[in-house]
Amino acid sequence: MGMNLTFNFTEPAEDMFGHCGDKIEGIIVWASLSAFISLVGCPACVAVLWKLFGKHKAGTPITPNDVFMISLTIMDLVFLFFVPFGLCNFLLWHISSVQMLSNFVYSLNLAGRPLLTACICLDCYLAVVHPVAYRTRKSLTPRLLVAAAVWTVTMVQGTVSIIISELNHSAWAMFVYVIALPIIVICDASILRTLRKSYRGGGDLHPMKKKALQIITNSMVMTVISYVPPVLIYLLGHLIISDEKEYECFLAIPILITPTAGSAIMPLLYLGNLGLSLKSLCCLV
């Protein structure tokens, strides 16, 4: 297959990506932003993993929340690392096997990420709202089993997306969000209410509660930026654009940029909570 430097939306690309050959504006925006997010997000994910494993190497035990954070960061890193290859295949190569792999890898972002975010919020909820029960049941084993279950569900959705290539930019991809979003919202609201009562009682917040506040603040940012927009578009998008081709090219595929952005925003927020910035990433890895 010859490679060229033009936006060559020939029949193979049309077969795989909804006939967007003459409607590439939204696709160009999606591809350009995805490439930028990958460039920023990959080093951020590496830095987060470096900090998490470095903390454990220094003698600090891995916390239950770290189990989910490590899994989430690994998923983000694998996904973001593959994004440039998926874009090259979309714009230039049109190799069916690479496209199938791209569909599979996208499940890390569309299924694994919201589920693990929900797990992180639920763990924080138990730590803040039910601290006594949490301290007595702080074993890593159930968290590892839950993380393994999330990986399994993610792999299953990835396998299905290989068979049904349109799955990742259809309303069916939002089924996981229907499970994860209520958990995230309820847990965040409960934690905020509990922390507000603690703050009214006077004095400084306990370090664990401060950490929980940072985590749920990050999750709320993620929910608004990354999770809500695709749900609204895939459920209500046809009311905005009725033509199937325009809907796919201008909404369904381009809106994937919001969950993609989440894979870079979360590690950047995590590093920001540690007092680190993009300029300091080169000093960490």
Side-chain angles (χ1 to χ4, degrees), residues 16-17 30 34 37-38 41-42 45 48 65 67-83 85-87 90 98-123 143-188 218-219 221-235 237 248 251-267:
M16 290 187 287
F17 290 97
W30 163 73
S34 294
I37 291 167
S38 174
C42 279
C45 289
V48 170
N65 213 270
V67 172
F68 299 123
M69 192 64 192
I70 290 171
S71 289
L72 178 59
T73 308
I74 290 173
M75 280 192 181
D76 286 340
L77 179 59
V78 173
F79 167 70
L80 290 174
F81 180 79
F82 185 80
V83 163
F85 299 98
L87 292 176
F90 180 88
V98 176
Q99 177 54 36
M100 288 190 290
L101 180 59
S102 181
N103 290 341
F104 182 85
V105 170
Y106 251 99
S107 67
L108 300 177
N109 183 254
L110 296 176
R113 157 160 279 283
L115 288 176
L116 284 172
T117 302
C119 290
I120 290 172
C121 292
L122 182 58
D123 194 74
R143 277 79 174 183
L144 291 171
L145 291 175
V146 171
V150 171
W151 277 97
T152 301
V153 171
T154 303
M155 296 300 103
V156 169
Q157 177 160 324
T159 302
V160 173
S161 69
I162 292 176
I163 302 171
I164 307 174
S165 60
E166 297 85 4
L167 178 67
N168 285 338
H169 49 90
S170 71
W172 289 107
M174 297 297 102
F175 178 74
V176 170
Y177 286 63
V178 174
I179 299 172
L181 280 179
I183 296 175
I184 295 171
V185 172
I186 292 172
C187 289
D188 286 356
N218 293 350
S219 75
V221 171
M222 295 299 305
T223 300
V224 173
I225 295 177
S226 298
Y227 300 150
V228 172
V231 171
L232 293 178
I233 290 299
Y234 288 132
L235 295 182
E248 184 175 11
L251 285 181
I253 295 178
I255 199 61
L256 290 176
I257 195 62
T258 61
T260 298
S263 292
I265 292 173
M266 180 64 93

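Residue numbers start at 1 and run along the sequence shown.
The CE atom of Met69 sits 13.0 Å away from atom SG of Cys119, with the distance rounded to the nearest 0.5 Å. With rounding to the nearest 0.5 angstrom, the CE atom of Met266 is 5.5 Å from the CZ atom of Arg113. Taken to the nearest 0.5 Å, the CD1 atom of Ile253 stands 4.5 Å off from the CD atom of Glu248. Going from atom CD1 of Ile186 over to atom CG of Leu122 covers 10.5 Å, rounded to the nearest 0.5 Å. To the nearest 0.5 angstrom, Ile162 atom CD1 is 10.5 Å from Gln99 atom CD. If you take CG on Asp76 and SG on Cys45, they are separated by 5.0 Å, rounding to the nearest 0.5 Å.
A heavy-atom distance below 4.5 Å is found between the side chains of Val98 and Phe82. Counting only heavy atoms from C-beta outward, the side chains of Pro229 and Ile255 approach each other to under 4.5 Å. Counting heavy atoms from C-beta on, the side chains of Phe104 and Thr154 never come closer than 4.5 Å. Using a 4.5 Å heavy-atom cutoff, the side chains of Ile120 and Leu72 are in contact. Annotation: side chain of Thr117 is in contact with side chain of Tyr227 (closest heavy-atom distance under 4.5 Å). Counting only heavy atoms from C-beta outward, the side chains of Ile184 and Tyr177 never approach each other to under 4.5 Å. By the 4.5 Å heavy-atom criterion applied to side chains, Asp188 and Cys121 are counted as neighbours.
Listed here is the closest heavy atom pair of Gly262 and Pro267: O-CD, 4.3 Å. When every heavy atom of Pro254 is checked against every heavy atom of Trp30, the shortest pair comes out as CA-CB, 3.8 Å. The shortest non-hydrogen separation linking Cys42 to Phe81 is SG-N, 3.6 Å. Across all their heavy atoms, Leu80 and Thr260 have their closest contact at CD2-O, 4.3 Å. Across all their heavy atoms, Ala147 and Phe68 have their closest contact at N-CE2, 4.1 Å. Here the closest heavy-atom approach between residue Val176 and residue Leu115 is recorded as CG1-CG, 3.4 Å.
Counting only distance, with no hydrogens or angles, the side chain of Ser107 and the backbone of Gln157 share no donor-acceptor pair below 3.5 Å. Side-chain atoms of Ser38 never come within 3.5 Å of backbone atoms of Ser34 as a donor-acceptor pair (strictly under, hydrogens ignored).
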Working note: Ile37 + Val83, criterion side-chain contact (heavy atoms from CB on, under 4.5 Å); need CA distance, chi angles, decisive distance, verdict. CA-CA 9 Å; Ile37 291 167; Val83 163; over 6 Å; no
What's the verdict on side-chain contact (heavy atoms from CB on, under 4.5 Å) for Phe175 and Leu110, showing C-alpha distance, side-chain angles and the deciding distance? CA-CA 10 Å; Phe175 178 74; Leu110 296 176; over 6 Å; no
Report the C-alpha distance between Leu108 and Met155 in whole Å, list the side-chain angles of each, state the deciding distance to 0.1 Å, and finish with yes or no for side-chain contact (heavy atoms from CB on, under 4.5 Å). CA-CA 8 Å; Leu108 300 177; Met155 296 300 103; 3.7 Å; yes
